[in-house]
Enquirer: 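Sending over a structure as structure tokens; questions will come in a sec.
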Protein chains: 2
Amino acid sequence: MAKEKRRSDCPINFALEIFGDRWTLLVVRDMMFKGKHYYSEFLKSEEGIATNILAQRLLTLEESGLVVKKNDPQHGSKFIYKLTKKGIDLVPVLADMIGWSAKYDPLSAADQEFIRYLNTDREGLIKTTSDLLLKKIDE
Amino acid sequence: MAKEKRRSDCPINFALEIFGDRWTLLVVRDMMFKGKHYYSEFLKSEEGIATNILAQRLLTLEESGLVVKKNDPQHGSKFIYKLTKKGIDLVPVLADMIGWSAKYDPLSAADQEFIRYLNTDREGLIKTTSDLLLKKIDE
DNA sequence: CTGTATCCTTAGGGATACTG
DNA sequence: CAGTATCCCTAAGGATACAG
């Protein structure tokens, strides 16, 4: 967890060093498309992330500035995790990944409405999704 | 390397199981944006991939159908690696990753012309890049 | 509920030597 | 040149227990 020297200044490498692993983007997905905000909600996702891994990824997501952790006024002792603008700006990347998988994965469980929206009005989809998330930042 | 059971049918998970690691997309990047086609060219990239890792990733990329390996008629004993349509269809994902990193990485070495093209005419950029790569398939 | 801590196993990966 | 094969070490990750 100590800060490692980056391997290069290539933008693809920069992105990979933040979310180039098999768990980080699943947590982002949960916040981005499934409206999840709580630790216990992430834990319940079907891929079955381990509690120590989840805690670790939430921490690095926070350190990278993609996520903020706040005390949740509503639920008292609970914490709430939200995407920042920097995190929300990954909507296009995730959306395109979904589109690609929907095209090539025979078993894809992608939401068909989402895919049609993506294919007919990508800009609109991204704006709608992003605006919804941006509004949540200040709640 | 044995086929593992997938963790879920989520499209994001599908994508991550193919290229959700710290090396695969760097190899794809080399083919997609740097015009690299040979093993030795990938080895030379500045991130310094190890030879065993490179061989392994090229194999899984082939198995996933993103890359094809052919004997290179020009160079005799050499092999040439090319992106397939399935691989080329990742251009939007990589392009958006580059755009995101260029925005948030202070040290980003992203090509400025590329970024301006991306921000002013994303569709055009994707089409130009993809068409170029598609033409190579049958060479 | 939200994590830490621990233990243990496996996968990832660097270095290097070697083969067709 | 294009890999394989080793060796060895570290990081990733699963299971489970426990603490604030």
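Just so we're on the same page: letters track the sequence lines, and every chain starts at 1.
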Enquirer: Take F19(B) and M97(A) through the side-chain contact (heavy atoms from CB on, under 4.5 Å) test and state the conclusion after the steps.
Expert: CA-CA 11 Å; F19(B) 54 77; M97(A) 284 175 63; 4.2 Å; yes
Enquirer: May I have the distance from D21(A) (atom CG) to dA11(D) (atom C1'), rounded to whole angstrom?
Expert: 12 Å
Enquirer: What is the distance, rounded to the nearest whole Å, between atom CG of D72(A) and atom C1' of dG3(C)?
Expert: 16 Å
Enquirer: Suppose we screen for side chain to side chain donor-acceptor pair (under 3.5 Å). Which residues come up paired with K36(B), at least two apart in sequence or across chains?
Expert: S45(B)
Enquirer: Tell me: CZ of R7(A) to C1' of dG12(C), nearest whole Å?
Expert: 12 Å
Enquirer: Quantify the bending of the helix from dC1(C)-dG20(D) to dG20(C)-dC1(D) as the angle between its end axes, each fitted on five pairs, to 10°.
Expert: 50°
Enquirer: Using a strict threshold of under 4.0 Å (side-chain N to carboxylate O), is an ion pair present between R122(A) and D96(B)?
Expert: yes
Enquirer: Can a side chain N or O of K69(A) be found less than 4.0 Å away from OP1 or OP2 on dG3(C)?
Expert: yes
Enquirer: Side-chain donor-acceptor contacts of residues 130-137 of chain B below 3.5 Å, not counting sequence neighbours, with atom names and distances?
Expert:
from: S130(B); atom 1: OG; to: I126(B); atom 2: O; distance (Å): 2.7
from: D131(B); atom 1: OD2; to: K127(B); atom 2: NZ; distance (Å): 2.5

Enquirer: Clusters formed by hydrophobic residues whose side-chain heavy atoms approach within less than 4.5 Å: which one holds Y38(A), and what are its other members?
Expert: I80(A)
Enquirer: Whole Å only: how far is the NZ atom of K44(A) from the C1' atom of dG3(C)?
Expert: 16 Å
Enquirer: Taking salt bridge (Lys or Arg N to Asp or Glu O under 4.0 Å) as the cut-off, I'd like each qualifying pair that reaches into residues 83-93 of chain A, sequence neighbours left out, listed once.
Expert: K85(A)-D89(A), D89(A)-K103(B)
Enquirer: Can you pull every protein N or O that's under 3.5 Å from an N or O on nucleotides 15-17 of chain D?
Expert:
from: dA15(D); atom 1: N6; to: N52(A); atom 2: ND2; distance (Å): 3.1

Enquirer: Distance check needed: dT2(C) P versus L58(A) CG, whole Å only.
Expert: 11 Å
Enquirer: Counting only side-chain nitrogens and oxygens, does W23(A) get under 4.0 Å of the OP1 or OP2 atom of dA12(D)?
Expert: no
Enquirer: Partners of R29(A) by salt bridge (charged side-chain N to carboxylate O under 4.0 Å, His left out), sequence neighbours excluded?
Expert: E47(A)
Enquirer: For Y39(A) and I53(B), take the nucleotide of DNA chain C holding the closest heavy atom to each; which residue's nucleotide lies nearer the 5' end?
Expert: Y39(A)
Enquirer: What is the distance, to the nearest angstrom, from the CZ atom on F42(A) to the P atom on dC1(C)?
Expert: 14 Å
Enquirer: Quick one: L43(B) CG to dA2(D) P, roughly how many Å, whole number?
Expert: 9 Å
Enquirer: Would you say R57(A) reaches dG13(D)'s phosphate, i.e. side-chain N/O to OP1/OP2 under 4.0 Å?
Expert: yes
Enquirer: OP1 or OP2 of dA11(D) versus the side-chain N and O atoms of R22(B): is any pair under 4.0 Å?
Expert: no
Enquirer: In whole angstroms, how far is the P atom of dA5(C) from the CD atom of Q56(A)?
Expert: 13 Å
Enquirer: Taking ring-ring contact (aromatic ring centres under 6.0 Å, His included) as the definition, give me every residue that meets it alongside F42(A), ordered by chain and number, with sequence neighbours left out.
Expert: none
Enquirer: Sequence neighbours left out, what passes salt bridge (charged side-chain N to carboxylate O under 4.0 Å, His left out) with D9(A)? Give chain and number order.
Expert: R6(A)
